[in-house]
Protein chains: 2
Amino acid sequence: MRKRATAKEVAEAAGVSKWTVIRAFTPGASITEASRQKVLQAAETLNYSPNLLARSLATNTTHQVAVFVDDFANPHKLPVLEMLTERLQAEGLLTVLININRHFDHVHALINADQRQFDAVILFGTAFREETLGDRRLGPGFPPMFVLARDSQIPGVPAIACNAELALSEIVDYLFDKGYRRPGFMAGARTLSTALGRRHHYASFWRAKGIEGVTELAAERYSAQAGAEAARTYLSTTAPGSRVDVLMCENDILALGAMDVARSEFGLEVPQDLAVVGFDNIELGGAPAYGLTSYEQPAGEMVDAIVAMITGKRDAEMVVMPGRLVPRSSA
Amino acid sequence: MRKRATAKEVAEAAGVSKWTVIRAFTPGASITEASRQKVLQAAETLNYSPNLLARSLATNTTHQVAVFVDDFANPHKLPVLEMLTERLQAEGLLTVLININRHFDHVHALINADQRQFDAVILFGTAFREETLGDRRLGPGFPPMFVLARDSQIPGVPAIACNAELALSEIVDYLFDKGYRRPGFMAGARTLSTALGRRHHYASFWRAKGIEGVTELAAERYSAQAGAEAARTYLSTTAPGSRVDVLMCENDILALGAMDVARSEFGLEVPQDLAVVGFDNIELGGAPAYGLTSYEQPAGEMVDAIVAMITGKRDAEMVVMPGRLVPRSSA
DNA sequence: TTGTACGCGTTATCAT
DNA sequence: ATGATAACGCGTACAA
């Protein structure tokens with residue numbers, strides 16, 4: 001394994017000082033075209049390219065952004081990760097994907113992010129508790145943090161998310177107009193106050209329509225299986241006559257699981273016997289096999305916004321964006 | 001933004017030299033418990049932790065692994081990424097997720113990976129052409145590379161994959177026993193010779209059963225939509241009597257798209273009118289709405305193997321592992 | 001066990 | 001325009 005060539009070696013080969021070599025690789029540096037060519041020539045033969053690690057140490061900027069994820073069961077994460085990595089890379093930033101779990105929690109990850117001098121940290125839908133910031137090991141001077149695709153009231157940590165109030169308003173309007181009157185809501189495992197937004201808005205908009213009492217189903221996790229189990233439990237303990245007529249799920253993956261159970265295990269027709277609504281508008285929800293009515297977050301704009309904030313082209317502050325109701329056959 | 005404390009500052013606060021501070025943070029270094037405690041105390045109050053960037057520069061090891069991905073349409077990527085990040089993190093390694101696309105190709109990404117001194121590069125199912133390694137900017141001394149979840153005959157780049165020959169043998173045996181005799185194969189966009197393995201084995205095992213000629217459908221990409229289009233084109237240009245009776249798709253996501261079209265647009269019953277088989281065994285394929293017969297790769301073992309190779313606990317060499325046929329209702 | 005000199009490869013700043 | 005000095009923060013090798 002041959003070592004990488006250094007600026008010093010290129011300098012010797014080109015017969016100049018190593019600082020001239022640096023200048024040849026610095027856009028807009030003052031250097032004569034002659035020595036510039038000499039350097040590039042030497043660099044070419046020596047196969048030299050600047051060591052980004054050393055550059056980072058000297059400039060205090062790594063051009064690396066950490067993205068925290070704690071929920072890999074939701075297929076919706078993938079297209080967003082695709083956009084995120086693409087736009088970040090377009091800005092010269094690389095994405096460090098960090099799996100937040102029992103063995104590697106937020107505090108652990110944040111300390112690591114700080115030690116590695118990441119330029120920013122994105123909390124991509126993770127269950128982040130504000131108290132975490134109180135950890136005494138986490139001081140100021142940490143990489144700027146952003147919350148993506150989830151509400152957050154954490155001071156100093158701006159959230160870039162879909163407007164939940166508007167979304168639920170549109171959804172409830174749509175369902176009410178369709179004639180549904182006995183609403184149910186399936187929540188995932190999240191217990192954070194900031195994460196209860198969808199449920200809260202859902203209930204309050206129904207209330208505004210004169211309908212009190214949203215039946216709640218609780219899923220253990222955010223996965224199709226968890227959604228299936230929650231639906232199974234509910235349907236098997238509730239007589240057909242007293243069931244909800246529309247079930248809104250906190251996200252699509254829960255909705256698909258619920259829909260499967262309703263149809264295949266209880267022989268229910270969707271939406272006649274039970275209507276189902278999801279959130280995220282994942283690709284498979286739109287397949288004919290499901291035809292899931294859902295709500296699409298403006299992922300592209302959200303990603304653009306967060307990247308603009310990271311690169312300093314936009315003020316870092318909370319922003320909520322309108323999404324889009326995607327009506328299909330399930331409700 | 002307060003600056004991070006350095007070892008030097010901690011040294012002054014603790015009344016020792018900075019090298020003693022280093023030792024206090026170096027497992028197994030020779031240092032008295034007394035000064036060790038003094039240092040840790042001072043570090044605690046100053047909120048010091050070693051700068052991993054500087055450490056990397058000095059040790060020539062970043063504890064970062066690049067993972068190249070060029071296909072974000074396949075939901076199968078997500079659970080594997082979850083395992084990969086988890087196991088890597090357990091070994092103290094972080095994952096840099098790199099999106100390979102038109103604007104950021106393999107050569108670009110490899111040069112970057114080298115400049116950043118990544119400890120290893122994982123080609124996670126990307127369409128990597130051997131010629132790429134011929135690029136003169138890519139010399140020896142590059143980070144070790146591995147191919148995950150795809151065959152590869154590239155010298156010096158070991159592949160960790162599911163045994164395609166065994167897999168297709170099991171699949172064809174199963175289909176033949178079920179009575180299917182007119183096999184079709186839907187391939188994705190891949191044109192690499194190394195990627196034609198599944199198709200090749202599929203055809204040759206059918207031939208071994210005395211069945212010549214596998215009908216080929218070509219999808220433009222690897223997505224449900226592409227699978228749907230390919231199926232639509234085929235079904236609308238082929239009379240019912242001369243159609244294949246079983247369609248094997250290169251992966252599940254293509255299969256789901258094809259199945260949707262067959263059922264909803266052509267009114268076909270699966271598997272009576274057309275049987276469908278996929279590959280990867282993604283979660284939604286197992287849902288009652290599809291019941292997709294598929295083949296599961298031993299993702300956990302594959303990830304374990306590649307991580308062991310990266311950490312040097314195992315020789316870096318090609319390894320193929322047996323997977324598992326998952327028979328369901330679609331074939 | 002502890003302290004010293006030096007190197008890692010780059011950038012910033014000043015002097016020529 | 002070019003060269004030189006210092007600094008980034010830590011690790012290794014060696015001496016004390």
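Computed over heavy atoms, backbone and side chain alike; hydrogens, waters and symmetry mates excluded. In this text the structure is predicted, and so the values were computed from the model without any measurement. So you know, we letter chains A, B, ... as the sequences are listed, proteins then strands, and number each from 1.
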**Report entry** Atom pair distance, as rounded to whole Å: CG in A:L53 and P in D:dG9
**Finding:** 14 Å

Report summary line: Result for side-chain contact (heavy atoms from CB on, under 4.5 Å) between B:R55 and one of B:N51, B:L52, B:L53 points to B:L52

Query raised in the report: When we call it a touch if two heavy atoms are under 4.0 Å apart, what does A:Y48 touch: a base, just sugar-phosphate, or nothing?
Result: sugar-phosphate

Query - Phosphate OP1/OP2 of D:dT2 contacted by A:S35 side-chain N/O (<4.0 Å) - result: yes

Requested in this report: State which of C:dT2, D:dC10, C:dT10 makes the closest approach to the side chain of B:K18.
Outcome: D:dC10

Query raised in the report: Please give, in whole Å, the distance from C:dC8 C1' to A:R55 CZ?
Result: 16 Å

Query - Presence of A:T26 side-chain N/O under 4.0 Å of C:dT11 phosphate oxygens OP1/OP2 - result: no

Query raised in the report: Can you check whether A:S30 has a side-chain N or O nearer than 4.0 Å to OP1 or OP2 of D:dA1?
Result: yes

**Report entry** 5′-ward residue of the pair B:A54/B:V16 relative to DNA chain C
**Finding:** B:V16

Query - Nucleotide D:dA7, atom P - distance to CZ of B:R4 in whole Å - result: 20 Å

Query raised in the report: At under 4.0 Å between heavy atoms, what does B:I22 touch on the DNA or RNA strands: base, sugar-phosphate, or nothing?
Result: sugar-phosphate

Query raised in the report: Would you say the side chains of B:E33 and B:Q37 form a donor-acceptor pair under 3.5 Å?
Result: yes

Query raised in the report: Given C:dT11, C:dT1, D:dG3, which nucleotide is nearest the side-chain atoms of A:A58?
Result: C:dT11

Report task. Nearest whole angstrom, please: distance from the P of C:dT1 to the CZ of B:R23. Result -> 10 Å

Report task. Verify whether the ring centers belonging to A:F25 and A:Y48 lie closer than 6.0 Å. Result -> yes

Query raised in the report: Rounded to whole angstroms, how far apart are NZ on A:K38 and P on D:dT2?
Result: 8 Å

Requested in this report: Assess whether one donor atom and one acceptor atom, taken from the side chain of A:W19 and the base of D:dT5, lie less than 3.5 Å apart.
Outcome: yes

Requested in this report: Could you check how far CD of A:Q117 sits from P of D:dC8, rounded to whole Å?
Outcome: 13 Å

Query raised in the report: Hey, does B:I31 reach any base, or is it just sugar-phosphate, or nothing, if we go heavy atoms under 4.0 Å?
Result: sugar-phosphate

Query raised in the report: Between A:L52 and B:G15, which has a closest nucleotide on DNA chain C that is more 5'?
Result: B:G15

Query raised in the report: Distance only, no hydrogens: is a donor on one side chain within 3.5 Å (strictly under) of an acceptor on the other, for A:E82 and B:N99?
Result: no

**Report entry** Separation of D:dG9 C1' from B:E12 CD (nearest whole Å)
**Finding:** 14 Å

Query raised in the report: At under 4.0 Å, does any side-chain N or O of B:T59 touch on OP1 or OP2 of C:dC8?
Result: no

**Report entry** d(CZ, A:R36; P, D:dT2) in whole Å
**Finding:** 12 Å

**Report entry** Neighbour count >12 (heavy atoms, 6.0 Å) for atom CD, A:Q41
**Finding:** no

